[in-house]
Amino acid sequence: MPAEALRPQNGVVEALAQVAGLLADKTRAAICGALLDGRAWTARELAAHAGVAASTASEHLTRLVEGGVLVEHRQGRHRYVALAGPHVAELLEAMAAFAGPGPRPRSLRSAAVSEAMARGRTCYDHLAGRLGISLRSGLVELAVVGDGLAVTGTGMVWLKELGFEPSKRVVSRACLDWTERVPHLAGAAGAFLCGVFFERGWVRRIGTSRAVVLTPAGEQGWRELGLLPDPAPVGQRGGHGSSQGADAQH
């Protein structure tokens, strides 16, 4: 192959190596992981999260901003940073899924945090974890999205009734969930629904982490939207039916 033909490819390889180098450092990886909650953090908050000095965090943040992974905003003396956009969140989530679950937590607190994240979390601006997969299942059941998570004609009507307004952003896409290993809903529709759930108090954060939980009001709201099946009457629940059968035998 002529050297001239290799030059464009070499440029891509160099760019790929630069991005990989940015994320290869544990401190920078921890910073990016924290920012997957979709919020802007101060440099001091990220330093505490990563367990490094503020000056060290500042150096890492500068590299990530210069590399296009993060964007920064100045407000008075504070320096706020956030992911540069959904495309960065998609890259980080895909890399996490590829890397696998990692070593088991060594403490009860770490195990509790991991379990909370697996139950439900934000993946930048949409829901992930088992809660995100439950949302996907409900949307598929309602024919809002198809098996490939593309929004259907019926689904667009359903979304617009909730206040969704299409934009230049892709309406929906599949985002591989790194804990459940199946896709959850991302894109404009996923972000819109996540925002609606927070605004209505149907989903709330657990502490300051990315972990979220469906509230009792949220469970009722999801049922009203058809995203969750109605609970079976007491006499039709499996556990009660089994006990009644056992009693009858006695």
Side-chain angles (χ1 to χ4, degrees), residues 29-42 45-46 48-50 80-83 85-86 88-97 101-102 105 108-142 144-145 149 159 162-164 169 172-229 231:
I31 288 172
C32 291
L35 293 171
L36 269 172
D37 68 358
R39 296 177 292 181
W41 289 46
T42 66
E45 289 170 337
L46 288 169
H49 174 80
Y80 289 87
V81 293
L83 295 183
V88 177
E90 181 181 359
L91 171 65
L92 295 173
E93 192 78 2
M95 291 179 68
L108 288 176
R109 183 180 182 279
S110 296
V113 171
S114 295
E115 174 56 25
M117 291 278 283
R119 280 198 305 267
R121 64 183 182 277
T122 52
C123 175
Y124 190 59
D125 59 3
H126 54 272
L127 295 179
R130 293 196 291 273
L131 184 61
I133 301 307
S134 178
L135 172 62
R136 184 203 68 173
S137 298
L139 293 172
V140 170
E141 189 70 21
L142 290 172
V144 173
V145 297
L149 298 188
L159 287 167
L162 291 175
F164 178 70
R169 184 178 178 184
S172 66
R173 64 173 179 80
C175 180
L176 182 61
D177 196 291
W178 63 268
T179 55
E180 305 309 300
R181 300 307 179 92
V182 292
H184 54 244
L185 179 67
F192 167 75
L193 289 174
C194 184
V196 167
F197 299 153
F198 272 112
E199 289 173 5
R200 297 185 179 185
W202 291 1
V203 170
R204 66 172 175 82
R205 295 189 185 277
I206 301 176
T208 59
S209 72
R210 291 169 55 199
V212 298
V213 64
L214 188 67
T215 66
E219 184 174 341
Q220 179 61 33
W222 277 32
R223 292 192 192 284
E224 291 174 356
L225 289 178
L227 294 172
L228 286 177

Heavy-atom side-chain contact between Leu92 and Leu35 under 4.5 Å: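 No, their side chains stay 4.5 Å or more apart.
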Side chain to side chain, Val212 and Phe198, heavy atoms closer than 4.5 Å: yes
When rounded to the nearest 0.5 angstrom, what is the spacing between [atom1] in [X] and [atom2] in [Y]?
{"X": "Ser137", "Y": "Leu185", "atom1": "OG", "atom2": "CG", "answer": "11.5 Å"}
{"X": "Glu115", "Y": "Thr179", "atom1": "CD", "atom2": "OG1", "answer": "9.5 Å"}
{"X": "Ile31", "Y": "Leu36", "atom1": "CD1", "atom2": "CG", "answer": "12.5 Å"}
{"X": "Leu225", "Y": "Leu193", "atom1": "CG", "atom2": "CG", "answer": "9.0 Å"}
{"X": "Cys32", "Y": "Leu46", "atom1": "SG", "atom2": "CG", "answer": "9.5 Å"}
{"X": "Leu228", "Y": "Glu141", "atom1": "CG", "atom2": "CD", "answer": "11.5 Å"}

Where the side chain of [X] meets the backbone of [Y], is there a donor-acceptor pair that is under 3.5 Å apart?
{"X": "Ser134", "Y": "Arg130", "value": "no"}
{"X": "Asp177", "Y": "Gly129", "value": "yes"}
{"X": "Arg205", "Y": "Asp37", "value": "yes"}
{"X": "Thr215", "Y": "Trp202", "value": "yes"}

Verdict with supporting geometry, His184 and Leu127, side-chain contact (heavy atoms from CB on, under 4.5 Å): CA-CA 8 Å; His184 54 244; Leu127 295 179; over 6 Å; no
Closest approach of [X] to [Y] (non-hydrogen atoms, all atoms of both residues):
{"X": "Ala30", "Y": "Ala50", "value": "CB-CB, 4.3 Å"}
{"X": "Glu180", "Y": "Ala118", "value": "OE2-O, 3.8 Å"}
{"X": "Phe192", "Y": "Phe164", "value": "CZ-N, 3.3 Å"}

Glu45 vs His49, side-chain contact (heavy atoms from CB on, under 4.5 Å): CA-CA, chis, key distance, verdict: CA-CA 6 Å; Glu45 289 170 337; His49 174 80; over 6 Å; no
Verdict with supporting geometry, Arg136 and Leu149, side-chain contact (heavy atoms from CB on, under 4.5 Å): CA-CA 8 Å; Arg136 184 203 68 173; Leu149 298 188; 3.3 Å; yes
Atom CZ of Arg169 with >12 non-hydrogen neighbours under 6.0 angstrom: yes
Residues Glu93, Arg121; criterion salt bridge (charged side-chain N to carboxylate O under 4.0 Å, His left out); working and verdict: CA-CA 12 Å; Glu93 192 78 2; Arg121 64 183 182 277; 3.2 Å; yes
From CA spacing to verdict: side-chain contact (heavy atoms from CB on, under 4.5 Å), Val213, Leu131: CA-CA 8 Å; Val213 64; Leu131 184 61; over 6 Å; no
